[in-house]
Amino acid sequence: MTTTTTPTPPLAEGYEISADPDRIDVARVHHWLSTDAYWALGREREKQERAIAGSLNFGVYDAMSGEQVAYARVVTDLATFAWLCDVYVDPAVRGKGIGTSLVAAVRDHLRPHGLRRILLATQDAHGVYEKIGFEALAEPDHWMALVFEKFSQNIS
C-alpha cells in the first residue's frame with residue numbers, strides 16, 4: 001500500500017482547526033461520543049478524560065463563538081505509528097466537509113514526523129477517509145487484535 005499525497009480540502013468558512021488541548025470541550029466530546037457514536041456508546045466520563053489526556057487531540061471550532069463542532073483523537077508515538085480514532089462531527093454542521101478537512105489536518109500535522117502509517121477503523125465513513133488517501137488494508141490477514149472486553153465478560 002502506498003499513499004499518494006491528496007490535496008488538503010479547505011475548511012468551511014467560519015471554522016478553525018486547532019490541536020491546542022486546552023480548547024477541547026471535554027464535556028461536549030464525552031456527550032457526543034457516549035450518546036451518539038456507535039463505537040463509544042456508554043463510555044464513562046473518566047475513561048474519556050484519560051483517553052484525551054493520553055492522546056493528541058484536534059478540534060474544529062466556530063470561529064465567531066469558539067464553540068467546538070468536531071473532534072478527532074490520535075494515539076501515537078510520533079515516530080512510527082498513529083491510530084486515528086474518536087472522529088466526530090456535530091450533527092448540526094455535518095455536510096459541510098468539516099470531517100474531511102479535520103482528518104486531512106490530522107494527516108498533515110502527522111506527516112512531518114515520518115510515521116510509517118496511520119490506522120483507523122470505521123463502519124460507515126470509508127468515503128470520508130478515502131478522499132484524503134486512506135485505503136483498505138492490503139493484507140488484513142497480517143493484522144490481529146486482542147479485545148479485552150471479550151475476555152472480561154468471562155472473568156469472575
Side-chain angles (χ1 to χ4, degrees), residues 1 3 6 8-12 15-63 65-137 140 143-150 152:
M1 178 188 318
T3 303
T6 57
T8 300
L11 183 61
Y15 297 96
E16 59 190 15
I17 297 173
S18 174
D20 180 353
D22 294 331
R23 290 188 71 182
I24 299 298
D25 183 338
V26 176
R28 176 171 286 207
V29 169
H30 174 256
H31 175 75
W32 283 337
L33 298 178
S34 67
T35 65
D36 191 42
Y38 66 83
W39 65 90
L41 292 175
R43 184 181 288 169
E44 296 175 8
R45 170 76 182 257
E46 184 272 334
K47 184 171 280 205
Q48 186 63 52
E49 289 175 357
R50 283 189 294 135
I52 289 170
S55 302
L56 180 59
N57 300 276
F58 294 82
V60 179
Y61 304 88
D62 180 291
S65 69
E67 179 181 22
Q68 187 169 355
V69 299
Y71 176 73
R73 184 168 70 85
V74 180
V75 179
T76 183
D77 59 11
L78 291 176
T80 62
F81 177 81
W83 171 43
L84 174 62
C85 55
D86 288 348
V87 178
Y88 188 90
V89 178
D90 189 297
V93 299
R94 289 182 187 164
K96 297 180 179 185
I98 288 173
T100 302
S101 294
L102 173 58
V103 174
V106 170
R107 175 200 64 195
D108 295 346
H109 183 94
L110 294 172
R111 186 183 308 278
H113 295 283
L115 305 177
R116 182 164 182 177
R117 66 180 50 92
I118 302 171
L119 291 181
L120 64 86
T122 184
Q123 284 183 353
D124 56 2
H126 296 79
V128 170
Y129 299 107
E130 288 168 348
K131 289 178 189 176
I132 60 146
F134 281 86
E135 303 171 352
L137 291 174
W143 294 86
M144 296 179 72
L146 173 63
V147 182
F148 284 112
E149 287 82 24
K150 208 178 347 180
S152 64

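Residues Ile118 and Leu110 have side chains in contact (heavy-atom distance under 4.5 Å, counting atoms from C-beta outward). A heavy-atom distance below 4.5 Å is found between the side chains of Cys85 and Val75. Looking at Glu16 and Val60, their side chains never come closer than 4.5 Å, going by heavy atoms from C-beta outward. Between Arg23 and Tyr61 the shortest side-chain heavy-atom distance falls below 4.5 Å. Val106 has its side chain within reach of Leu84: a pair of non-hydrogen atoms, C-beta onward, lies under 4.5 Å apart. When side chains are defined from C-beta on, Leu115 does not count as touching Thr80, because their heavy atoms never get closer than 4.5 Å. Side-chain contact between Tyr71 and Arg28 is absent, with no heavy atoms from C-beta onward closer than 4.5 Å.
Note that NZ of Lys47 is 13.0 Å distant from CD of Glu49, once rounded to the nearest 0.5 Å. Note: Ile52 CD1 to Arg50 CZ = 12.0 Å, rounded to the nearest 0.5 Å.
Between Leu102 and Ala72, the closest heavy-atom pair is CD2-CB, 3.8 Å. Pairing each heavy atom of Trp39 with each of Val87, the nearest pair is CH2-O, 3.3 Å.
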Exercise for review: Step by step, work out the side chain to side chain contact (heavy atoms under 4.5 Å, CB included) result for Thr122 and Tyr38.
Suggested key: CA-CA 10 Å; Thr122 184; Tyr38 66 83; 4.0 Å; yes
Check your understanding: Given the rule in the side chain to side chain contact (heavy atoms under 4.5 Å, CB included) test, do Val69 and Val89 qualify, once you have shown the distances and angles that lead to the verdict?
Key -> CA-CA 6 Å; Val69 299; Val89 178; over 6 Å; no
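Counting only residues at least two apart or in different chains, ring pair (Phe, Tyr, Trp, His ring centres under 6.0 Å) contacts with residues 110-133 comprise Tyr129-Phe134. Pairs passing the ring pair (Phe, Tyr, Trp, His ring centres under 6.0 Å) check and including a residue from residues 16-35, sequence neighbours excluded, read Trp32-Tyr88. Among residues at least two apart or in separate chains, salt bridge (Lys or Arg N to Asp or Glu O under 4.0 Å) pairs with a member in residues 76-86 are Arg43-Asp86, Arg73-Asp86.
Judged as a salt bridge (charged side-chain N to carboxylate O under 4.0 Å, His left out), and not counting sequence neighbours, the contacts of Asp36 are Arg94. Residues passing the side-chain contact (heavy atoms from CB on, under 4.5 Å) test with Asp22, sequence neighbours excluded: Asp20. With sequence neighbours left out, the side-chain contact (heavy atoms from CB on, under 4.5 Å) criterion links Arg117 to Phe81, Leu119, Trp143.
Between the Ser65 side chain and the Glu67 main chain, a donor and an acceptor come within less than 3.5 Å of each other. Judged purely by atom type and a 3.5 angstrom limit, Ser101 uses its side chain to pair as donor or acceptor with the backbone of Pro10. A donor-acceptor contact shorter than 3.5 Å links the side chain of Gln68 to the backbone of Ala70.
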